[in-house]
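For the numbers below, each heavy atom of this structure counts, side chains included, while hydrogens, waters and symmetry mates do not.
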Amino acid sequence: MSAALPPSSSATAPEGTGQLPVLLGTSAFGQNERAFPVYDAYWEGGGRAFDTAWLYGHAYGPGCCERTFGAWAKSRGVEDEVWVLAKGAHTPECLPDRVEPQLAESFERMGRESAALYMLHRDNAEVPVGEFVSVLDGLVKRGLIGSYGMSNWPLDRVREAVAYARAHGLAEPAGVSNQFSLIDMVQPIYPGTISANDAAWRAWLAEGGMCLYPWASQGRGAHALADPAELASGPLAESWYSEANVGRLHRARRLAEHKGTSSTGIALAWTLSQPFPVVALIGPRQPEEVRDSLAAASRRLTAQECDWLEHGTGEMPVL
């Protein structure tokens, strides 16, 4: 694993992802006419990495999001240039013997033979971590995936997986994808989802240098509210409302105005300015939202700015 990075440094994006430490989420795009303009804008802006999953897509048939992504990559002739994070083995099929069959089905849908990174979409505490690690190590050795990690896993299980891999001479987890953003996830958005936004997770990531691939890294649209007070009663309230979060939205808006950018962009910059490697999953729905996120992907905030945004101590840093 790489050494921890100082707060003001830019995490290095994994090889093949391009120069931008972001991955474009594909879960909202099960139709070519909606997906292609967004994917084109991302590609034109330098984005090369995509987040996919076996489970994504219900409205237009199982696997529609993977098929749409595969169709776009083929139509643009970039199948060999995209960097793919694939996920599978979601509850209730979070079992070692379901990993490879689902991965094979994902490859068929996308028209691929491998993925740069594969993650278990959920954890199953009834399965010893060694059983998962052994299966994933086998996929790495066979070249089906470049590396593996875990999504929505608790810290103790991730640490146990790392220890098991080291003790048995197997490939170690290369990343974790839990929720992480400037505003805290007060209640899980989906069953079984876990945040890495607490002191224990942050300390462990900073100490070990494992890359975090956070989803909902920009607060799931909360920063785009016309008035931060709307967080209390709108559709985001159940998972995101707290007085502390409303304060963070207000401060992000103030700093954005000072820097001449968007509040959503400031939220992404905060996520990417942590003292550990971060490659953020982003979920824009329109080309203009893609361009806003890409503009923010190269911005880094100081430690003082990050602390003020999160805790609101003292006056806004003016640099």
- Item | side-chain contact (heavy atoms from CB on, under 4.5 Å) evaluation trace for Ile282 with Leu24 | CA-CA 5 Å; Ile282 58 174; Leu24 181 63; 4.2 Å; yes

- Message: Quick check: do Gln179 and Thr193 have side-chain heavy atoms less than 4.5 Å from each other?
- Response: no

- Item | Counterpart residues, ring-ring contact (aromatic ring centres under 6.0 Å, His included), relative to Trp215 (two or more places apart) | none

- Taking Tyr42 for the side chain and Ala49 for the main chain, is one N or O donor matched with an acceptor at less than 3.5 Å? yes

- Between Ala269 and Arg299 the two heavy atoms that sit nearest each other are CB-O, 3.8 Å

- Step-by-step side-chain contact (heavy atoms from CB on, under 4.5 Å) determination, Cys65 to Thr52: CA-CA 8 Å; Cys65 293; Thr52 71; over 6 Å; no

- Message: Enumerate the salt bridge (charged side-chain N to carboxylate O under 4.0 Å, His left out) contacts for residues 115-128, please, sequence neighbours excluded, ordered by first and then second residue.
- Response: Asp123-Arg157

- Distance from His250 atom NE2 to Leu231 atom CG, nearest 0.5 Å? 9.5 Å

- Message: How long is the straight-line distance from CD of Glu289 back to CG of Leu294, given to the nearest 0.5 Å?
- Response: 12.0 Å

- Message: The criterion is side chain to side chain donor-acceptor pair (under 3.5 Å); which residues satisfy it with Asp184, sequence neighbours excluded?
- Response: Asn197, Arg248

- Item | Donor-acceptor pair, side chain of Thr271 and main chain of Ser217, under 3.5 angstrom | yes

- Query: Are any non-hydrogen side-chain atoms of Asn152 and Tyr190 less than 4.5 angstrom apart?
  - Reply: no

- Item | Leu120 CG to Arg98 CZ distance, which is reported to the nearest 0.5 Å | 13.0 Å

- Message: Give me each pair satisfying salt bridge (charged side-chain N to carboxylate O under 4.0 Å, His left out) with a member in residues 224-245, each pair once, sequence neighbours excluded.
- Response: none

- Task: Answer yes or no: is there a side-chain heavy-atom contact under 4.5 Å between His121 and Gln102?
- Result: no

- Query: How would you list, by chain and number, every residue that makes a side-chain contact (heavy atoms from CB on, under 4.5 Å) with Ser262, sequence neighbours excluded?
  - Reply: Thr264, Asp292

- Task: Determine whether Leu155 and Met150 fall in the same hydrophobic cluster, where Ile, Leu, Val, Met, Phe, Trp and Tyr are linked whenever their side-chain heavy atoms lie under 4.5 Å apart.
- Result: yes

- How close do Met210 and Pro173 get, heavy atom to heavy atom, and via which atoms? CE-O, 3.5 Å

- Gap between atom CZ of Arg254 and atom NZ of Lys259 - 0.5 Å precision: 13.0 Å

- Message: Quick check for you: to the nearest 0.5 Å, what is the distance between Leu301 atom CG and Ile266 atom CD1?
- Response: 5.5 Å

- Message: Please identify which of these residues, Phe69, Phe29, Tyr56, meets the ring pair (Phe, Tyr, Trp, His ring centres under 6.0 Å) condition with Phe50.
- Response: Phe69

- Please lay out, stage by stage, how Leu281 and Ser177 fare under the test side-chain contact (heavy atoms from CB on, under 4.5 Å). CA-CA 9 Å; Leu281 277 60; Ser177 182; 4.1 Å; yes

- Are the aromatic ring centres of Trp270 and Phe180 under 6.0 angstrom apart? yes

- Task: Using the test ring-ring contact (aromatic ring centres under 6.0 Å, His included), find all partners of Tyr118 that sit at least two apart in sequence or belong to another chain.
- Result: none

- State yes or no: do Val186 and Leu225 share one hydrophobic cluster built from I, L, V, M, F, W and Y residues joined by side-chain heavy-atom distances below 4.5 Å, directly or via other members? no

- Message: Could you tell me if the side chain of Leu85 sits less than 4.5 Å from the side chain of Val279, heavy atoms only?
- Response: no

- Which pairs pass ring pair (Phe, Tyr, Trp, His ring centres under 6.0 Å) with one or both residues in residues 132-164, sequence neighbours excluded? Phe132-Trp153, Tyr164-His168

- Which atom names give the shortest non-hydrogen contact between Ser134 and Leu170, and what distance separates them? OG-CD1, 4.1 Å

- Message: I'd like to know whether NZ of Lys141 has more than 12 heavy-atom contacts from other residues, nucleotides or ligands below 6.0 angstrom.
- Response: yes

- Any side-chain heavy-atom pair from Val278 and Pro21 closer than 4.5 angstrom? no

- Query: Are more than 12 heavy atoms from other residues, nucleotides or ligands located less than 6.0 Å from atom CD of Glu113?
  - Reply: no

- Task: Verify the cluster assignment for Val129 and Ile194: are they in a single hydrophobic cluster under the rule of side-chain heavy atoms below 4.5 Å apart?
- Result: no

- Contacts of type side chain to side chain donor-acceptor pair (under 3.5 Å), residue Thr68, not counting sequence neighbours: none

- Task: For Pro287, check side-chain contact (heavy atoms from CB on, under 4.5 Å) against everything at least two apart and list the hits.
- Result: Pro37, Val38, Ala41, Arg291

- If every non-hydrogen atom of Ala222 is compared with every non-hydrogen atom of Ile183, which pair is closest and at what distance? CB-CD1, 3.6 Å

- Is the side chain of Thr26 donor-acceptor paired with the backbone N or O of Asp51 at a distance under 3.5 Å, no angle test? yes

- Which residues satisfy the side chain to side chain donor-acceptor pair (under 3.5 Å) test with Arg76, sequence neighbours excluded? Asp40

- Item | Positive for side-chain contact (heavy atoms from CB on, under 4.5 Å) with Cys94, one of Asn124, Val127, Val99 | Asn124

- Crowded around Asp97 CG? As in, over 12 foreign heavy atoms under 6.0 Å? yes

- Query: Is there side-chain contact between His258 and Glu305, with heavy atoms separated by less than 4.5 Å?
  - Reply: no

- Item | Minimum heavy-atom distance Gln187-Met185, with the two atoms named | O-CG, 3.1 Å

- Message: Given 3.5 Å as the limit, does a donor-acceptor pair link the side chain of Glu310 with the main chain of Cys306, or not?
- Response: no

- Message: For a quick test of reading the model, state the closest non-hydrogen atom pair linking Ala165 to Val133 and the distance between them.
- Response: CB-CG1, 4.1 Å

- Query: Are any non-hydrogen side-chain atoms of Trp72 and Val82 less than 4.5 angstrom apart?
  - Reply: yes

- Could you grab the distance from atom CG of Asn245 to atom OG of Ser239, nearest 0.5 Å is fine? 11.0 Å

- Query: Short question: side chain of Arg251, backbone of Trp308 - any donor-acceptor pair under 3.5 Å?
  - Reply: yes

- Do the non-hydrogen side-chain atoms of His223 and Leu182 ever get within less than 4.5 Å of each other? yes

- Verify, without hydrogens or angle tests, whether Ser263 (side chain) and Ala256 (backbone) share a donor-acceptor contact under 3.5 angstrom. no

- Message: According to salt bridge (charged side-chain N to carboxylate O under 4.0 Å, His left out), does anything in residues 186-199 pair up with another residue at least two apart or in another chain? List the pairs.
- Response: none

- Taking Arg48 for its side chain and Trp43 for its backbone only, find out whether a donor-acceptor pair lies under 3.5 Å. yes

- Message: Taking side-chain hydrogen bond (donor to acceptor under 3.5 Å, both in side chains) as the cut-off, I'd like each qualifying pair that reaches into residues 103-112, sequence neighbours left out, listed once.
- Response: Trp54-Glu105, Glu66-Ser106, Glu66-Arg109, Glu105-Arg109

- Val176 and Leu205: CA distance, side-chain angles, deciding distance, side-chain contact (heavy atoms from CB on, under 4.5 Å) verdict: CA-CA 10 Å; Val176 62; Leu205 289 165; 4.2 Å; yes

